[in-house]
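Okay, structure first, notes after.
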Amino acid sequence: MCVECGHTFRSMTLLSETAAHPAAVERVPTTRRYLMCEPKYFTVEYVINPWMDPDQPVDTAKAVEQWTALKETYERLGHKVETIEPEPGLPDMVFSANSGTVVDGRVLGSRFRAPQRAAEADHFRRWFLDNGYRDVVMPERINEAEGDFAWTGEVLLAGTGFRTDPGAHAEAQETLGVPVVSLHLVDPRYYHLDVALFVLSEAHDGRRAEIAYYPAAFSEGTQRVLARLFPDAVICTEEDAACLGINAVSDGRNVVLPVEATRLAAVLTARGYEPVMVDISELRKSGGGPKCCTMELRG
Ligand code: ARG
């Protein structure tokens, strides 16, 4: 095993070992398009996950500042950021990742589990229609979109256990026309897939996707599935997960993650990635991080 990046070598031949070592691979970023929503009306006034405590003060102006810095970070990295107008009375609308899954220009909207967030889905549906998307389907089952769905370039990894209904996984497969792999979440602190797993590099040129995940957030069967599908994954620790460090956004080279996630950042550097740290402390009071604020518009 490589002491720096934790990569497990499966070959005994030194030459092929070097070739297979993830750090030896040049990490190539690809330009992305994201949809974000300014946290103008952000507060914590209800409790729908263990991070939320309405008695803890929230500084909305600071949340806006941190969000703006995140948006500017993406722009500096060369990505295009679209925005949707925030709505008063929807404090969690900043978490745009929960409101749509877009693959090849096809959109599967969302249906929230918590009644407090239900109205967000239609605002995003309208945004898609107003912005030229013709193939927009709204789900019948509870579906918190990229909160629970991660696209690897080959398959859609789909979380369930707390929010998204397993029936939504079949709906996603049918609507988006991509194979879906269901993953079972078991720790209420990691209630969405995107706080327990993220895609570092999508599958390309015959190479498999590379992901990072925190095994203890998943059931035993799911842990075996992940180990089988992604033997070279970055294995995250409780320390990485507890600051929502896994709620990260990668463009294939640059990985935007919370400033507290220093251990994970060091592991990523050893694998040839470029960590880009952002302060997202206000939004974490609602259980969110960089990825929650970022929906990817693919195609
Ligand atoms: N307070 C929000 C909720 O519980 C946070 C959502 C964070 N989003 C995410 N993609 N994990 O629904």
Side-chain angles (χ1 to χ4, degrees), residues 30 32-37 48 79-85 87 90 92-185 191-199 202-203 209 211 222 229 247 249-250 288 290-299:
T30 55
R32 310 293 171 114
R33 210 168 140 238
Y34 299 128
L35 177 57
M36 298 181 72
C37 179
I48 55 171
H79 305 306
K80 173 101 178 84
V81 180
E82 312 282 353
T83 54
I84 178 174
E85 202 50 43
E87 291 290 326
L90 294 175
D92 276 341
M93 201 170 157
V94 56
F95 302 118
S96 58
N98 303 152
S99 287
T101 307
V102 187
V103 182
D104 285 344
R106 284 204 175 83
V107 181
L108 178 59
S110 66
R111 182 179 291 265
F112 286 89
R113 184 164 293 279
Q116 296 96 327
R117 296 196 65 184
E120 293 177 38
D122 202 53
H123 289 294
F124 281 87
R125 183 185 68 84
R126 274 191 283 112
W127 186 91
F128 284 116
L129 294 177
D130 291 346
N131 284 273
Y133 289 85
R134 289 291 156 261
D135 203 346
V136 181
V137 173
M138 296 308 280
E140 305 221 321
R141 313 298 283 265
I142 302 290
N143 178 326
E144 297 201 358
E146 284 196 325
D148 276 319
F149 290 133
W151 175 242
T152 70
E154 273 175 336
V155 297
L156 191 65
L157 300 176
T160 187
F162 298 101
R163 299 289 182 87
T164 298
D165 188 292
H169 296 180
E171 258 186 290
Q173 174 158 297
E174 207 48 43
T175 306
L176 298 172
V178 295
V180 171
V181 177
S182 290
L183 306 172
H184 208 97
L185 295 158
Y191 58 95
H192 270 150
L193 182 68
D194 74 355
V195 290
L197 177 152
F198 72 100
V199 176
E202 287 182 12
I211 68 164
T222 291
L229 287 178
N247 196 248
V249 178
S250 173
K291 170 58 204 170
C292 302
C293 299
T294 313
M295 179 203 294
E296 187 165 348
L297 302 168
R298 299 177 191 85

| field | Glu296 backbone acceptor or donor facing Glu146 side chain under 3.5 Å | value | yes
Would you call Arg33-Glu82 a salt bridge at under 4.0 Å N-O? yes
Report yes or no: does Arg125 contribute a side-chain atom to a donor-acceptor pair with the main-chain N or O of Met138 at less than 3.5 Å? no
* **Chi angles and distances behind the salt bridge (Lys or Arg N to Asp or Glu O under 4.0 Å) call for Arg111, Glu171** => CA-CA 12 Å; Arg111 182 179 291 265; Glu171 258 186 290; over 6 Å; no
Note to self: Just checking Tyr133 against Phe128, ring centres under 6.0 Å apart?
What the structure shows: yes
>> Quick check against the 3.5 Å criterion: does Asn98 have a side-chain atom that pairs as donor or acceptor with the backbone of Ser110?
In response: no
* Please answer whether the main-chain N or O of Arg141 pairs with a side-chain N or O of Asp165 as donor and acceptor at a distance below 3.5 Å. => no
- Task: Could you walk me through whether Phe112 and Glu144 pass the side chain to side chain contact (heavy atoms under 4.5 Å, CB included) test, one step at a time?
- Result: CA-CA 6 Å; Phe112 286 89; Glu144 297 201 358; 3.8 Å; yes
| query | Heavy-atom count around Asp104 CG within 6.0 Å, excluding the residue itself: above 12? | reply | no
Exercise. Would you say the side chain of Ser250 lies within less than 4.5 Å of the side chain of Val199, judging by non-hydrogen atoms?
Worked result: no
For Leu90 and His123, the nearest pair of non-hydrogen atoms, with its separation, is CD1-CD2, 3.6 Å
Decide side chain to side chain contact (heavy atoms under 4.5 Å, CB included) for Thr152 and Val181; before the verdict, give the C-alpha distance in whole Å, the side-chain angles of both, and the deciding distance to 0.1 Å.
CA-CA 11 Å; Thr152 70; Val181 177; over 6 Å; no
- Task: Answer yes or no: is there a donor N or O on one side and an acceptor on the other, between the side chain of Asp148 and the main chain of Leu193, under 3.5 Å?
- Result: yes
Backbone N/O of Cys37 and side chain of Ser96: donor-acceptor pair under 3.5 Å:
no
Rounding to 0.5 Å, atoms OG (Ser99) and CG (Leu108) come to a distance of 11.5 Å
Side chain to side chain contact (heavy atoms under 4.5 Å, CB included), that's the test. Do Thr164 and Phe149 meet it? Break it down for me.
CA-CA 9 Å; Thr164 298; Phe149 290 133; 4.2 Å; yes
Q. Between Leu35 and Asn131, does a side chain to side chain contact (heavy atoms under 4.5 Å, CB included) hold up when you go through it step by step?
A. CA-CA 11 Å; Leu35 177 57; Asn131 284 273; over 6 Å; no
Item to complete: Starting from the C-alpha separation in whole Å, work towards a yes-or-no answer on salt bridge (Lys or Arg N to Asp or Glu O under 4.0 Å) for Arg32 and Glu202.
Response: CA-CA 12 Å; Arg32 310 293 171 114; Glu202 287 182 12; 3.7 Å; yes
Are any side-chain N or O atoms of His169 and backbone N or O atoms of Leu157, one a donor and one an acceptor, separated by less than 3.5 Å?
no
